[in-house]
There are 2 protein chains.
Amino acid sequence: MNVSSMTDRQRHTLRCRSASHLHLLGSRTQHARSAEANEILINEGSMPSRVLVIDSGWAIRYKTLADGRRQILDFLLPGDMVGMFAILFDQTEYGVQALTPLTVRSIDAKHVIAELNRSQQFAITLNWLAGSVEQRMDEHLMRVGRRSAEERMAHLFVELHRRLKRSGLPDTAARRLPITQKTIADHLGMSQVHANRTFRSLVRQGTVSLSDGEILLLDPCELVRLAGFEESYLCHTPACVNEQSYSCA
Amino acid sequence: MNVSSMTDRQRHTLRCRSASHLHLLGSRTQHARSAEANEILINEGSMPSRVLVIDSGWAIRYKTLADGRRQILDFLLPGDMVGMFAILFDQTEYGVQALTPLTVRSIDAKHVIAELNRSQQFAITLNWLAGSVEQRMDEHLMRVGRRSAEERMAHLFVELHRRLKRSGLPDTAARRLPITQKTIADHLGMSQVHANRTFRSLVRQGTVSLSDGEILLLDPCELVRLAGFEESYLCHTPACVNEQSYSCA
DNA sequence: CGTATCCTTGAGTGTGATCAACATTGGTGG
DNA sequence: CCACCAATGTTGATCACACTCAAGGATACG
């Protein structure tokens with residue numbers, strides 16, 4: 001009954017549940033589509049109408065100021081869900097844009113809300129999802145607020161590497177990041193020029209390289225060291241609700 | 001039931017629900033206590049064991065790096081709940097510390113989880129709560145990543161003013177912020193010295209002042225202008241929409 | 001009182017922004 | 001095939017914002 005008494009398998013079950021649950025939901029109501037790079041999937045300030053699940057490709061969640069300054073809040077990788085919490089409000093405060101060509105499943109908000117009302121398990125799983133997003137956003141805030149430029153960039157690279165591997169990619173594929181330096185800059189809160197200089201510095205240290213317009217992570221261990229990377233915030237695979245109270249379906 | 005077809009009253013109901021629901025829950029299982037200023041309520045890295053609801057006073061949610069750099073992730077004001085999403089994991093990645101003397105109700109995690117399993121409505125309401133926290137954290141990230149020091153500080157002051165008023169304080173009380181400049185600095189990602197200089201600049205412009213160790217907001221409308229403050233991210237309730245006190249157009 | 005905490009200010013330094021120029025690549029159309 | 005353009009990356013020069021270090025002042029508290 002103790003929270004910490006969960007087995008690894010139970011944790012894994014929980015981890016996969018939100019995606020699979022939505023997948024089941026989607027089998028009835030999904031609307032699959034593809035999008036081109038740079039295509040806007042959700043407009044800032046628009047009315048929330050659907051939840052998206054990324055099947056393949058990369059996207060970003062961002063906000064912009066009136067004068068054009070942009071902050072990339074989060075990267076969206078295959079398996080990630082976006083727009084879930086916005087559907088309970090009448091305005092989506094952020095935009096979502098494709099970084100690469102991607103495929104996405106979209107589920108109408110009313111189906112999601114219906115499912116939320118129907119399935120206890122779904123509602124609980126979404127709370128777990130909210131927690132894991134919160135952990136990542138907290139860590140990013142720490143990155144932007146209190147780390148140096150080099151720490152920030154190394155830290156981001158390690159996090160993306162981890163997330164890609166967990167989404168099922170083999171290590172070699174997970175070391176390739178299809179993002180531009182302007183994109184990195186808008187995520188880390190620095191100018192594109194400074195992002196380039198910081199990146200060059202990492203290249204000189206042999207930890208990363210640029211190839212075919214993609215970033216390659218050459219030495220993830222060294223990046224971990226440079227970033228002062230703490231694993232725990234991403235290791236929420238150990239989600240720790242006891243299975244009994246959780247599997248109340 | 002489409003989200004957009006919700007009436008204002010339904011939204012207002014939703015807004016109040018999470019607090020009142022926990023209040024009911026608390027009536028059976030709550031453990032009220034008080035804490036002194038600077039007292040640690042939740043340790044970084046500790047096992048989540050309870051959810052806190054602030055009754056009075058201010059607290060912060062924060063993370064620290066190994067070398068002592070601290071990032072204040074969020075301010076916790078009366079009515080705010082903290083630790084909710086952490087109970088689904090086996091480690092609380094952040095700490096919580098009182099800024100002022102405060103009173104807090106604490107509810108054992110197992111009661112919250114039991115309620116989560118029992119009440120469909122509670123689980124849904126928490127998703128709404130997750131969304132509103134997400135909106136505030138997104139806006140803060142934008143603040144730290146893409147705004148100038150003066151914009152950041154003015155923006156924070158306006159947000160705190162709004163939140164205090166919505167928590168039920170009259171306008172005059174909501175203009176008093178019991179925080180030190182070091183605290184502001186750790187929230188906005190700047191040094192204490194620079195926070196002081198930025199604050200002095202705001203004082204010179206007549207928008208704020210310092211009195212009895214508390215910050216006074218003298219001209220919220222001017223702060224809104226300086227910050228380029230967009231109302232919408234906090235206006236997820238009809239109550240806020242109808243507030244005319246800031247019609248400084 | 002003495003100590004601690006917070007605020008304030010100056011001086012010097014450095015990180016990172018801005019402006020500008022140019023290289024490289026890929027795509028488009030003549 | 002080439003001219004052109006757009007997007008991205010690279011680098012230098014200059015400057016501003018923000019950091020660190022340092023010292024002093026105000027206030028509260030035991």
Side-chain angles (χ1 to χ4, degrees), chain A residues 36-39 58 60 65 67-72 97-101 143-154 156 176-205 208-216 226, chain B residues 36-39 58 60 65 67-72 97-101 143-154 176-204 208-216 226:
Chain A
E36 295 170 10
N38 301 317
E39 191 174 331
W58 287 42
I60 52 172
L65 293 177
D67 60 9
R69 283 176 288 181
R70 180 175 75 158
Q71 175 69 43
I72 293 175
Q97 181 178 24
L99 280 183
T100 68
R143 204 153 55 192
V144 173
R146 279 296 181 235
R147 290 180 190 269
S148 71
E150 190 173 274
E151 285 174 318
R152 275 188 274 207
M153 194 171 290
L156 170 64
R176 312 177 51 127
L177 314 179
I179 49 179
T180 69
Q181 294 178 1
K182 173 62 174 156
T183 301
I184 297 173
D186 279 348
H187 186 57
L188 298 181
M190 59 177 85
S191 69
Q192 178 268 329
V193 171
H194 196 57
N196 175 268
R197 294 199 155 100
T198 307
F199 184 77
R200 285 284 100 200
S201 163
L202 290 178
V203 169
R204 272 191 299 277
Q205 294 171 67
V208 298
S209 71
L210 193 61
S211 153
D212 285 330
E214 288 191 331
I215 292 169
L216 290 185
L226 284 175
Chain B
E36 296 170 8
N38 302 317
E39 192 173 331
W58 287 42
I60 52 172
L65 293 177
D67 61 8
R69 283 175 288 181
R70 181 175 73 159
Q71 175 68 43
I72 293 176
Q97 181 178 23
L99 280 184
T100 68
R143 204 153 54 192
V144 173
R146 281 295 181 232
R147 289 180 191 269
S148 71
E150 190 174 273
E151 286 175 319
R152 275 189 276 208
M153 194 172 290
R176 312 177 51 134
L177 313 179
I179 50 179
T180 70
Q181 294 177 3
K182 172 63 175 155
T183 300
I184 297 173
D186 279 348
H187 185 58
L188 298 182
M190 59 178 85
S191 70
Q192 179 268 328
V193 172
H194 196 57
N196 175 268
R197 295 199 156 101
T198 306
F199 184 77
R200 283 285 99 200
S201 163
L202 290 179
V203 168
R204 273 191 299 276
V208 298
S209 71
L210 193 63
S211 153
D212 287 329
E214 288 190 330
I215 292 169
L216 290 186
L226 284 175

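In what follows, chains are A, B, ... by sequence order, proteins preceding strands, each numbered from 1.
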Can you identify which nucleotide, out of [options], has its nearest atom closest to the [X] side chain?
X	options	value
A:R152	D:dT10, C:dT18, C:dG16	C:dG16
B:R197	D:dG9, C:dA17, D:dC19	D:dC19
B:F199	D:dA18, C:dT8, D:dG9	C:dT8
B:Q181	D:dA18, C:dC7, D:dG9	C:dC7

A:D67, CG: over 12 other non-hydrogen atoms inside 6.0 angstrom: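 Buried by this count: over 12 neighbours within 6.0 Å.
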So, is [X] close to the [N] phosphate, meaning a side-chain N or O under 4.0 Å from OP1 or OP2?
X	N	value
B:Q192	D:dA18	no
B:N196	C:dC7	no
B:R200	C:dT8	yes

How long is the line joining [atom1] of [X] and [atom2] of [N], in whole Å?
X	N	atom1	atom2	result
A:L210	C:dT25	CG	C1'	12 Å
B:H194	C:dG10	NE2	P	15 Å
A:M190	D:dA16	CE	P	22 Å
B:K182	D:dT20	NZ	C1'	12 Å
A:R204	D:dT11	CZ	P	8 Å
A:E151	C:dT15	CD	P	13 Å
A:L188	C:dT15	CG	P	18 Å
A:R146	C:dT15	CZ	C1'	15 Å

From CG (A:L210) to CD (A:Q181), nearest 0.5 Å: 6.5 Å
Residues A:T198, A:S201; criterion side-chain hydrogen bond (donor to acceptor under 3.5 Å, both in side chains); working and verdict: CA-CA 5 Å; A:T198 307; A:S201 163; over 6 Å; no
Sugar-phosphate only, base, or nothing, as touched by B:T180 at under 4.0 Å among non-hydrogen atoms: sugar-phosphate
Electrostatic pair A:R146-B:D186, nearest N-O below 4.0 angstrom: yes
Check: A:R152 main-chain N/O paired with A:R147 side-chain donor or acceptor under 3.5 Å: no
Of B:V193 and A:R147, the one whose closest DNA chain C nucleotide lies more 5':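 Here B:V193 is the residue nearer the 5' end.
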